[in-house]
Amino acid sequence: MNKLITTLTNIWKIEELRKRILYTFLLLFIYRVGCHVVLPGVNPAQLMIGSGRDGTDILDIINMFAGGAFSSAAIFALGVMPYISASIVVQLLGIAVPSFQKMQKEGESGRKKLTQITRYLTVAITVVQAIAYVRTQITPEAKLIADPMFTILAAIVLTAGTLFVMWLGERITDKGIGNGISLIIMSGIIAQLPAGISAETVSRMGGQGGPIALLVEFLALLFVVIFTILVVQGVRKIPVQYAKKIVGNKQVGGVRQYIPLKVNAAGVMPIIFAQAIMFLPMSLIQFFPDIQSEFLRSLSNYTSFTYNMVFAILIIAFTFFYTAIMVNPQQMSEDMKKNGGFIPGIKPGHDTNLFIDNVISHITFPGAVFVAIIAILPAIAALFGVNNQFAHFFGGTSLLILVGVVLDTLQQIESHLLMRHYDGLMKTGRVKGRSAAVEGVDQSAI
């Protein structure tokens, strides 16, 4: 306890860190306020978004990421999801289109061009999603303005809301602490946690299991969080030996470093890709209500066996796909060779490339299976009688995002502490985020 108080005191003593944290909380507060501001021309008393659903609909997952703004028809109803979609598209274009590949290699100037393209694409995606949201999620009874004027007005406000949220995220990243977009998503997820705990407590105390069952659920959630941290933090270290060199009168090199290959190198991207595809059946049913396919309807219920089986297979497939994109063994091998490094017992060049590729293949499969298990845990929890609002926190994208963002933010705070010669957040070791780097190794290929 004394260690915690001392650490918090040290954090508060550092003026720059204190300002960054307060600035971050201020912008997150503004975002949370906006999540409760209803669209102009909407009667909140007549809103029917979410009514009639039992919490198993995929739209409830979208609502959780939007911090409840989706179900309340708020100005931030679409959140940052259009921006994330645009970022994914630009990333994929960087793989398939030569001109985008060239921009990726142009350094800072190329990054600015890609950022600008992402923003324009965000506007286009937001406009389409805003019109679809207004037409499918807001009932005619709740509209105080006649169409098409209401649709035009609401689409403009929703687009402006998403762009403002995107701007908040960029401000947090530049002048706050942590990754702004990730923190905004995390704040929306955490905002739904009290309601989930309250609903589950009322359900259990009302006779469905009692306090013992509630205690078991909290213990199970604790173990799931620990398991998720292990998956996020798990690495396979490949030793790299650097040859000794004489520069002037000094000897440099001759040290051993490690390449930390993550068990889950793809992060949450496979789940995001998989969920984007799983949204398609729901969209088909909404736009074509006459479709009576039981298979499509089962894919719109996240607790169904069909949904979870297809979801898990897609996650495993996308994990291999995204890892192949993010981790380039050939580039890593070339970088080591240029810097005079080699893996003990492995010849530099082609053999090193094959060795790293083999290691990646061996650790990616269990990592993909673990991520798939985490992704379907909410459905398993719901089958064991956990309230659907609370079950979302037992796994899935929400838990991976929470764990990853918290670790990254703590890592940044610890970096500020260590830079000013204070103790870190832990007595032994250091906090490692998803982007933790190892000195002496080219991290661009990891």
Side-chain angles (χ1 to χ4, degrees), residues 28 31-38 44-74 76-77 79 81 137 139 142 184-228 271 275 278-279 282 298 300-305 307-308 311 373-403 405-406:
L28 290 178
Y31 167 70
R32 290 306 306 155
V33 170
C35 289
H36 297 280
V37 179
V38 181
Q46 296 292 328
L47 273 176
M48 300 294 289
I49 300 177
S51 64
R53 296 205 303 263
D54 58 1
T56 62
D57 200 302
I58 299 180
L59 289 176
D60 293 288
I61 300 176
I62 299 177
N63 183 52
M64 182 172 62
F65 289 148
F70 188 89
S71 62
S72 59
F76 295 160
M81 299 311 290
Q137 300 301 314
T139 57
I184 285 174
I185 296 175
M186 187 188 75
S187 68
I189 294 172
I190 291 178
Q192 304 301 303
L193 182 58
I197 294 176
S198 176
E200 185 62 19
T201 302
V202 171
S203 174
R204 292 302 182 188
M205 292 304 181
Q208 298 183 12
I212 301 298
L214 188 63
L215 178 61
V216 170
E217 287 178 7
F218 284 127
L219 289 174
L221 180 59
L222 175 62
F223 283 112
V224 169
V225 172
I226 294 173
F227 174 72
T228 305
I271 299 183
Q275 277 191 338
M278 298 306 290
F279 287 153
M282 178 193 66
S298 65
S300 298
N301 182 350
Y302 86 93
T303 61
S304 69
F305 175 80
Y307 174 90
N308 285 282
F311 192 33
I373 291 172
I374 293 172
I376 64 175
L377 277 178
I380 296 174
L383 293 176
F384 277 93
V386 180
N387 185 281
N388 286 309
Q389 283 182 281
F390 190 51
H392 285 301
F393 294 94
F394 273 82
T397 317
S398 57
L399 187 58
L400 283 170
I401 289 174
L402 287 175
V403 170
V405 173
V406 169

**Study point:** Minimum-distance pair of heavy atoms, taken over all atoms of A74 and G34
**Key:** CB-O, 3.8 Å
Revision key, fill the gap. By side chain to side chain contact (heavy atoms under 4.5 Å, CB included), L215 pairs with (sequence neighbours left out) L219
Review point. Could you give the distance from CZ (F393) to CD1 (I190), rounded to the nearest 0.5 Å?
Key: 8.5 Å
Practice item. For the residue pair I189 and L193, establish whether any side-chain heavy-atom pair is separated by less than 4.5 Å. Key: no
Revision key, fill the gap. Applying ring pair (Phe, Tyr, Trp, His ring centres under 6.0 Å) to F223 and not counting sequence neighbours gives none
Point to revise | Residue list, side-chain hydrogen bond (donor to acceptor under 3.5 Å, both in side chains) with R204, at least two apart or on another chain | key: E200, E217
Study note, to complete from the structure: For S203, the side-chain hydrogen bond (donor to acceptor under 3.5 Å, both in side chains) test, sequence neighbours excluded, returns Q208
Practice item. Calculate, to the nearest 0.5 Å, the distance between atoms OG and CD belonging to S71 and Q192 respectively. Key: 7.0 Å
What donor-acceptor contacts under 3.5 angstrom involve side-chain atoms of residues 375-385, with partners at least two apart or in another chain?
none

Check your understanding: Quick one: does T201's side chain have a donor or acceptor within less than 3.5 Å of a partner on I197's backbone?
Key -> yes
**Study point:** Smallest separation among heavy atoms of V38 and P44, with atom names
**Key:** CG2-CG, 4.1 Å
Review point. CG/L28 to CD1/I184 distance, rounded to the nearest 0.5 angstrom?
Key: 6.5 Å
Review point. How far apart are the C-alpha atoms of F394 and L221, what are their side-chain angles, what is the distance that settles it, and do they pass the side-chain contact (heavy atoms from CB on, under 4.5 Å) test?
Key: CA-CA 6 Å; F394 273 82; L221 180 59; 4.0 Å; yes
Review point. So, do F227 and I374 sit near enough that their side-chain heavy atoms are less than 4.5 Å apart?
Key: yes
Exercise for review: Kindly state each residue pair satisfying ring pair (Phe, Tyr, Trp, His ring centres under 6.0 Å) with at least one member in residues 193-222, sequence neighbours excluded.
Suggested key: F218-F390
Revision key, fill the gap. Heavy-atom closest pair (F76 atom, A69 atom, distance to 0.1 Å) is O-CB, 3.6 Å
